[in-house]
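First the proteins, then the strands, lettered A, B, ... as listed; each starts at 1. In this text, all values refer to a predicted model and were calculated from it rather than measured experimentally. Side-chain atoms are counted along with the backbone in the values below, which use heavy atoms only and exclude waters and symmetry mates.
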2 protein chains.
Amino acid sequence: MPPTTRPTSRDVAREAGVSQATVSLVLGGKWRGRVSPATADAVRETALRLGYRPNLAARSLRLGRTRTALLVVPALTNEYFARVHTGAARVAAAHDFGVVLYPSPEGVGPARDPFGSARAALDGVIASSMAADALAAISGETAAAPRTAGGPGGLPLVMLDSDPAQSGAAATVNLDLASGMRQVTGHLAALGHRRIAHIASAVDSWTFRVRRAAFDAATRDLPGAVVTRRTAALSVEGGLRATHDALTAPGARPTALVCDDDVLAAGACKAARRLGLRVPLDVSVTGFDDLALATAVEPELTTVRLPADEAGARGMAALLAVIDGLSPQQADLPVELMIRGSTGPCPVEPR
Amino acid sequence: MPPTTRPTSRDVAREAGVSQATVSLVLGGKWRGRVSPATADAVRETALRLGYRPNLAARSLRLGRTRTALLVVPALTNEYFARVHTGAARVAAAHDFGVVLYPSPEGVGPARDPFGSARAALDGVIASSMAADALAAISGETAAAPRTAGGPGGLPLVMLDSDPAQSGAAATVNLDLASGMRQVTGHLAALGHRRIAHIASAVDSWTFRVRRAAFDAATRDLPGAVVTRRTAALSVEGGLRATHDALTAPGARPTALVCDDDVLAAGACKAARRLGLRVPLDVSVTGFDDLALATAVEPELTTVRLPADEAGARGMAALLAVIDGLSPQQADLPVELMIRGSTGPCPVEPR
DNA sequence: CTGTTAGCGCGTTCAA
DNA sequence: TTGAACGCGCTAACAG
């Protein structure tokens with residue numbers, strides 16, 4: 001019995017009494033008409049018996065491709081990105097690709113270098129919802145190098161939920177966030193709300209800038225609208241504080257709170273309740289994303305469902321297309337307003 | 001200018017006017033007294049200028065090691081595992097290791113084979129809180145192969161939050177879940193609760209079996225305790241249904257609900273409130289894990305804080321030790337009861 | 001139909 | 001102090 005070393009294709013060849021090339025052909029599945037069925041069966045049987053598994057490093061080196069994509073996300077604690085990963089992994093698996101996840105450093109995260117840290121040879125990169133500075137760090141990672149192709153390290157790059165005008169991306173997959181924000185404000189307007197506060201994420205990324213712009217545009221067209229805005233750290237606590245400020249500011253109190261995120265909305269509900277306000281009787285609250293959190297809290301949040309899974313899948317499909325030299329189709333993914341219990345008619349005498 | 005191909009160490013050598021070996025020595029950092037400082041500087045400058053980055057596939061092939069570990073988790077949508085990853089990645093980065101995440105198929109997840117899907121050559125595996133069957137699927141992945149070392153594919157395996165008696169693991173890192181459950185029941189007992197329902201996870205994994213056993217042991221020693229149990233799918237909805245059943249079952253209604261998980265606890269609170277019961281005035285609820293959800297809901301959940309980050313860190317440290325041929329230290333990580341608003345004194349006339 | 005050969009890019013050994 | 005040569009395991013091309 002050979003010691004702890006794993007069997008190589010050479011071992012299989014020797015054991016089966018054939019050449020290495022034959023083993024490669026058989027296990028590679030392209031032996032039709034090149035190797036006799038009997039030999040092929042013998043090779044497969046031997047490989048199985050020996051527990052042979054190809055050395056991926058050697059294969060990658062020989063092929064020059066790894067069939068591996070890197071998915072860069074700002075944070076893993078957010079369920080949204082977990083769903084993006086799920087979708088991307090599903091499409092990747094269907095094309096015999098792998099996905100390696102790289103949670104971009106938030107605070108004292110992993111090393112700064114995705115390509116050193118995500119210790120894998122990569123065929124392409126997908127980046128989702130990256131903050132401006134984090135994105136710059138990734139794009140600039142090989143700034144000294146001649147930027148041959150679009151992405152970092154000369155790799156094909158697909159951006160998700162990011163500025164389409166961003167340089168370097170071979171493709172961009174976006175959600176129709178503006179539509180989502182319009183649906184939110186439309187819903188609130190139909191309920192009679194006019195004094196609306198926007199609890200905005202303090203994160204400086206494209207996705208939140210779009211939400212802000214869409215909110216502004218939608219409320220601008222709303223006659224009699226009185227709009228305020230507070231920015232908040234992207235957490236329950238952050239949402240709570242910003243909302244407290246918004247609700248206790250001098251002047252007429254808002255009757256509706258439009259939050260950039262379900263997490264902020266959860267904080268908003270807490271703040272409202274601590275001020276003795278009932279949701280949605282005294283104040284309506286909306287979220288964004290439709291995380292599990294949205295239905296975990298009470299009342300359940302009216303929010304915008306983002307097809308995270310689909311975005312990940314589209315992103316991976318686009319990346320695969322780019323790798324194959326094709327130009328991927330581009331279209332914004334539709335979003336859907338989920339009307340639940342956290343919104344209601346504007347109170348008649350709110351003050 | 002050479003076309004789109006990335007520069008190799010040979011290119012750097014040629015450009016700097018030295019040999020490949022010199023480049024390797026310099027960039028490998030072990031040139032002290034072997035290469036002149038001037039040459040070393042020239043090599044580094046050239047490498048930077050050309051944007052040279054070593055081919056990881058070639059390096060892995062040559063070295064036989066990849067400095068990469070696989071982290072297998074049951075699901076990414078749970079913040080707990082995100083934190084495990086964070087901790088593991090932090091320790092890994094400090095040792096120049098990478099971490100590749102493999103979310104084990106839940107439902108229609110990625111491919112069944114972690115080693116095909118996580119397309120990377122691996123030095124070791126960490127598996128966290130795996131359900132019995134999922135673990136078997138992974139362990140059996142190379143069942144036909146001679147099981148040389150402990151883990152799958154003959155790789156060093158460290159188990160997190162899993163049965164220490166599990167065969168195949170070179171080390172196990174666990175949380176003191178039993179203590180956590182004792183603290184929960186002790187807390188409720190001190191508040192006067194005697195009729196206690198256990199809302200248990202339906203997932204068949206060691207971590208939940210431990211919680212169940214600890215709950216049973218703790219309540220067994222509680223004089224006058226009346227204990228019931230409902231199992232629930234691991235979701236808000238699942239917790240809601242199981243709790244509804246527990247609260248509407250014939251006989252005296254429980255005054256306290258001990259949930260296996262914060263998500264279940266959130267569902268429990270919803271169920272209680274829908275039955276017109278106030279939390280914690282009419283019924284107390286406890287969670288487990290201390291996810292962000294615990295403080296997002298209202299009232300905030302009394303729960304057991306699990307040091308997920310620390311568990312991941314310890315797991316990675318243990319794996320690195322095993323890889324280095326050392327035997328890692330083993331000790332259960334302490335957990336902490338976080339007393340918040342979802343628990344209160346037992347109502348005096350509960351019926 | 002099968003076997004032989006060559007080389008992917010790297011790190012290491014040996015010789016100069 | 002440096003360069004030349006070798007081989008890790010695999011697959012694509014060619015030779016038999």
Axial bend angle, the helix from C:dC1-D:dG16 to C:dC14-D:dG3: five-pair end segments, nearest 10°: 50°

Identify all side-chain donor-acceptor contacts of residues 34-44 of chain B below 3.5 Å with residues at least two apart in sequence or on another chain.
from	atom 1	to	atom 2	distance (Å)
B:S36	OG	B:T39	N	3.3
B:S36	OG	B:T39	OG1	2.5
B:D41	OD1	B:R44	NH2	3.3

Can you tell which of B:L70, B:L71, B:T86, B:T68 makes a side-chain contact (heavy atoms from CB on, under 4.5 Å) with B:V99? B:L71

Across the strands shown, which category fits A:T39 at heavy-atom distances under 4.0 angstrom: base, sugar-phosphate, nothing? sugar-phosphate

List for me each residue that meets side chain to side chain contact (heavy atoms under 4.5 Å, CB included) alongside B:T46, sequence neighbours excluded, and say none if there are none. B:V12, B:E15, B:A16, B:R49, B:L50

With heavy-atom distances below 4.5 Å as the criterion, would you say the side chains of B:I126 and B:L160 are in contact? yes

How about A:Q330: does its CD atom have over 12 heavy atoms from other parts shown lying under 6.0 Å from it? yes

Under 4.0 angstrom between B:T22 side-chain N/O and D:dT1 OP1 or OP2: no

Spacing of A:L61 atom CG relative to D:dG9 atom P, expressed in whole Å: 12 Å

Can you tell which of D:dT2, D:dG3, C:dT2 lies closest to the side chain of B:V18? D:dG3

How close or far is atom P of C:dG3 from atom CH2 of A:W31, stated in whole angstroms? 15 Å

Contact check, side chains of B:W206 and B:S129, non-hydrogen atoms, under 4.5 Å: no

Short side-chain N/O contact from B:S60 to OP1 or OP2 of D:dC8, under 4.0 Å: no

Partners of B:E310 by side-chain hydrogen bond (donor to acceptor under 3.5 Å, both in side chains), sequence neighbours excluded? B:R314

Generate the contact string for nucleotides 10-16 of chain D. Rules: B means base contact, S means sugar-phosphate contact only, - means no protein heavy atom under 4.0 Å. BBB----

Listed by chain and number, what are the salt bridge (Lys or Arg N to Asp or Glu O under 4.0 Å) partners of B:R62, not counting sequence neighbours? none

